[in-house]
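In this text, all values refer to a predicted model and were calculated from it rather than measured experimentally.
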Amino acid sequence: MEAVVPFLWAFGILGLIYVFFKNAWVTKQEVGNEKMARIAKNIADGAMSFLKAEYKILSIFVAAVAILLFFKGQNEAGSNGLVAVSFIVGAICSALAGFIGMRVATKANVRTTNAARTSLAKALEVAFAGGSVMGLGVVGLGVLGLGGLFAIYSAQGWGIDEVLNVLSGFSLGASSIALFARVGGGIYTKAADVGADLVGKVEAGIPEDHPLNPATIADNVGDNVGDVAGMGADLFESYVGSIIGTMVLGAAFATLPEFANSFNGLGAVYLPLALAAVGIIMSIIGTFLVRVKEGGNPHTALNLGEFGSAALMLVASYFMINEMLPESWVEDGKTFTSFGVFLATIAGLVAGLLVGKATEYYTGTGTKPVNSIVRQSETGSATNIIAGLGVGMMSTAIPIILIAAAILVSHHFAGLYGIAIAAVGMLANTGIQLAVDAYGPISDNAGGIAEMAELPAEVRDRTDTLDAVGNTTAAIGKGFAIASAALTALALFAAFMKTAKVKAIDVSEPTIMAGLLVGAMLPFVFSAMSMNAVGRAAMAMIEEVRRQFKEIPALKAALEIMRKYDSDLSKATAEDRAIFDAADGVAEYDKCVAISTQASIKEMVMPGLLAIIVPVVVGFVGGAEMLGGLLAGVTSSGVLMAIFQSNAGGAWDNAKKTIEKQGRKGSDAHKAAVVGDTVGDPFKDTSGPSLNILIKLMSVVALVIAPSLVNADALAVYTADEVHKEVTVDIRATTAGEDSKTYIVVRTVSELNGVQEVEEVTYEGNSTEEVIAEVKKNYPDIELNVVKSNIAVDVQS
């Protein structure tokens with residue numbers, strides 16, 4: 001195993017080779033008829049135009065931050081100007097992950113539609129193949145980027161702390177792009193979705209994906225930029241953030257004698273990267289387990305791939321942990337074991353699964369919470385919204401208890417390192433997990449194309465079946481995303497405290513309490529900014545759709561035909577059918593796409609900058625401890641808000657779908673449910689998922705600036721000239737009898753600005769020489785002489 005460690009980056013290349021071949025297979029599948037191809041091209045062109053506009057803005061941001069990071073790294077001890085290179089590489093990998101997912105999703109959607117004309121099994125195969133390209137692309141880029149940079153930096157002769165500080169720039173780049181991509185994509189998709197729903201469904205009475213709806217192309221583009229590109233960048237930054245946080249905490253073990261015999265003392269540092277590398281192989285194996293026969297259950301097939309891969313990963317983790325960590329070691333007087341680390345990994349996995357199940361209960365079709373929203377939709381929009389808010393708030397209890405339990409269990413067995421490794425274990429199977437998640441939007445798009453291309457009803461039934469399964473599996477994915485966000489943020493928080501040399505966060509201190517309150521407030525402000533952005537963009541979209549319905553004669557006439565036959569054109573006369581067909585393609589889809597693109601690019605800037613600027617300002621103005629309070633506040637508040645918003649939005653969505661399945665489209669209850677779903681859309685697809693990134697990005701920013709804060713604090717202490725420190729060593733050597741022991745008490749008295757702190761540590765051993773050697777290891781500047789008597793002596797240093 002030790003010989004493989006320097007080449008862990010090669011596992012990333014293996015993942016990308018799989019991506020290349022799977023993408024080629026998807027490309028070879030048939031597109032379908034000319035109308036389907038035209039619709040798919042409009043969606044692909046809209047998606048790529050958004051990405052180009054977004055990446056053009058983000059390239060300016062990346063360049064500016066990279067310059068600042070270069071000068072920061074060059075001018076502080078323990079860092080290096082190459083942190084800017086790490087930042088740029090992380091940003092490029094994150095953007096590339098989104099780009100790969102977008103390209104394959106816009107290929108796979110129409111091919112899934114065409115496959116659904118033949119069979120459900122074939123449609124599942126194509127949709128899942130598209131999702132697996134996305135999933136393996138993310139983990140392949142993550143392991144290749146992290147592993148490659150770690151190998152390069154390690155060869156420079158730097159200390160491990162400097163290597164990891166420079167490497168943390170990679171996570172900062174990934175997190176920055178992920179936040180902008182998630183917020184921008186979320187604003188885009190929800191502006192289009194709200195416009196398509198309110199004007200198309202509620203006002204005009206036409207289906208959501210009907211070709212007469214001018215916002216329908218923008219809506220389908222939004223599924224890709226929000227649920228594929230945004231989600232890919234989101235999980236990419238979770239993936240690398242958890243690995244880097246664990247590596248930083250693992251570096252604390254490098255000086256322990258138990259670790260010295262293998263991996264140059266860096267077994268705990270290499271372990272998270274090795275788990276991620278093996279996770280690529282297990283994810284690839286999992287993709288081959290996803291198979292369904294005609295008439296079979298797609299949900300069962302996807303679960304087999306996901307849980308089968310997780311089981312294989314668990315077995316591999318056991319052997320890897322035992323191989324790379326010593327059987328036991330002592331840190332800060334506590335004994336930890338490699339088996340304890342394995343149990344921490346299990347705690348993380350179990351918590352992720354159970355949080356996913358809790359999410360499924362609160363958001364799934366047919367469950368008690370969703371049915372309560374359906375019932376309260378009978379009395380109008382107000383009661384529907386009240387019910388949805390209540391479900392969302394109540395849904396926070398079980399996940400938070402589960403996450404708290406995972407933190408306590410993993411910390412009990414393996415300390416802070418255990419919490420971090422639990423997050424890594426949870427995300428090691430990101431390849432297959434993201435494949436299942438990305439399959440959902442592809443199936444959703446396939447259904448939209450089937451509707452717009454007016455394919456037979458059985459085609460839409462098959463794509464709806466795939467989409468419904470995708471919604472269920474996505475619930476588990478959201479559970480993993482939320483639980484891993486909490487654990488990753490805590491791991492990064494612990495890594496920040498270690499790097500910034502912060503021993504504890506005392507909330508009785510006014511500055512720390514102030515930081516805590518400001519941190520708890522930020523998720524509310526961030527959510528408000530993203531929700532208001534969706535509202536403004538949706539208003540522009542609604543006005544544009546209304547304008548086209550009024551001012552384009554062919555559209556107006558076709559809508560009259562739709563209303564005349566209650567959307568059932570099989571009853572239309574030849575003359576009326578000709579009027580309807582004349583409207584095909586006359587809707588100005590490009591104008592709606594442009595509205596969503598421009599609004600999302602403009603509105604994503606401020607929420608993104610908020611997450612980066614606030615921790616920097618608080619850190620340099622209030623100090624490392626106040627910044628620690630800020631991180632504690634934003635993590636606790638952010639996790640709660642993320643669960644609340646995601647689950648409330650999901651419950652509203654499935655309440656609407658339940659009423660539609662009951663055949664009550666157009667009823668008063670359905671109209672109320674559509675309003676609730678429209679309110680919930682930005683909850684679950686914009687602000688909710690973005691909060692997961694917010695809490696991790698702020699922790700990564702804090703980790704990157706931590707060396708600067710240490711240097712600033714050291715300068716402040718030096719110039720204050722009010723510091724006094726005295727270390728007294730009391731040696732009591734007892735040599736009589738068989739049970740002779742030597743005791744050394746190290747008493748440290750520190751005085752800062754008139755406040756005195758006293759700390760005593762006792763060492764004992766069988767001989768004076770043995771104990772003095774142990775003391776010198778921890779206090780190298782103290783000069784000790786061997787004292788062979790029972791008389792205590794004091795040595796000043």
Side-chain angles (χ1 to χ4, degrees), residues 31-48 50 101-102 104-117 120 123-124 126-127 130-131 185 188-201 204 206-229 231 438-471 474 541 545 562 567 584-585 587 589-590 592-593 596 653 656-657 660 665 674 677-678 681 685:
V31 173
N33 62 39
E34 183 183 344
K35 189 172 185 179
M36 292 165 62
R38 186 179 74 246
I39 293 167
K41 185 178 185 304
N42 287 336
I43 294 172
D45 289 347
M48 295 315 297
F50 168 78
M102 179 81 82
V104 74
T106 52
K107 285 181 186 177
N109 55 9
V110 68
R111 289 164 172 83
T112 300
T113 308
N114 188 59
R117 299 166 78 180
L120 179 68
L124 172 66
V126 176
Y188 187 111
T189 184
K190 290 306 109 183
D193 200 8
V194 169
D197 273 3
L198 287 186
V199 184
K201 280 186 176 182
I206 60 176
E208 180 180 355
D209 292 312
H210 201 279
L212 290 181
N213 194 330
T216 192
I217 293 293
D219 189 13
N220 282 278
V221 170
D223 288 338
N224 291 289
V225 301
D227 294 338
V228 178
M231 178 175 59
Y439 140 94
I442 291 171
S443 300
D444 191 11
N445 253 206
I449 292 171
E451 181 78 41
M452 287 184 278
E454 297 183 84
L455 296 181
E458 64 265 19
V459 177
R460 184 65 198 248
D461 288 342
R462 288 171 183 149
T463 59
D464 282 351
T465 300
L466 294 179
D467 187 24
V469 172
N471 287 338
M541 184 69 70
V545 175
M562 289 282 291
S567 299
D584 184 28
Y589 303 122
D590 58 328
C592 291
V593 169
S596 269
D653 185 14
K656 178 200 69 175
K657 288 177 179 173
E660 290 175 348
K665 279 188 179 181
V674 169
D677 179 39
T678 306
D681 272 339
D685 292 325

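- Under the side-chain contact (heavy atoms from CB on, under 4.5 Å) criterion, Asn33 pairs with Lys35, Met36, Arg117, Leu455, sequence neighbours left out.
- Side chains of Leu124 and Tyr439 form a contact here, defined as non-hydrogen atoms less than 4.5 Å apart.
- Looking at heavy atoms from C-beta onward, Ser443 lies out of side-chain contact with Thr463 at the 4.5 angstrom threshold.
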query = Yes or no on side-chain contact (heavy atoms from CB on, under 4.5 Å) for Asp444 and Leu466, after CA distance, side-chain angles and deciding distance?
reply = CA-CA 8 Å; Asp444 191 11; Leu466 294 179; over 6 Å; no
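- Evaluation of the side-chain contact (heavy atoms from CB on, under 4.5 Å) rule for Ala438 yields Met134, Met231 as partners, not counting sequence neighbours.
- Between the NZ atom of Lys41 and the OG1 atom of Thr106 there is a distance of 11.5 Å, given to the nearest 0.5 Å.
- A donor-acceptor pair is defined here as one N or O able to donate and one able to accept, closer than 3.5 Å; such a pair exists between the side chain of Arg460 and the backbone of Gly447.
- Between the side chain of Arg111 and the main chain of Val31, no donor-acceptor pair closer than 3.5 Å is present.
- Looking at Val459, Ile43, Asn114, Thr112 one by one, the single match for side-chain contact (heavy atoms from CB on, under 4.5 Å) with Ile449 turns out to be Ile43.
- Taken to the nearest 0.5 Å, the CG atom of Asp653 stands 4.5 Å off from the CG atom of Asp677.
- Within the model, atoms OG1 of Thr113 and CD of Glu451 stand 11.5 Å from one another, a figure rounded to the nearest 0.5 Å.
- Ala115 pairs by the side-chain contact (heavy atoms from CB on, under 4.5 Å) definition with Lys122, Ala123, Val126, not counting sequence neighbours.
- Counting only heavy atoms from C-beta outward, the side chains of Val545 and Cys592 approach each other to under 4.5 Å.
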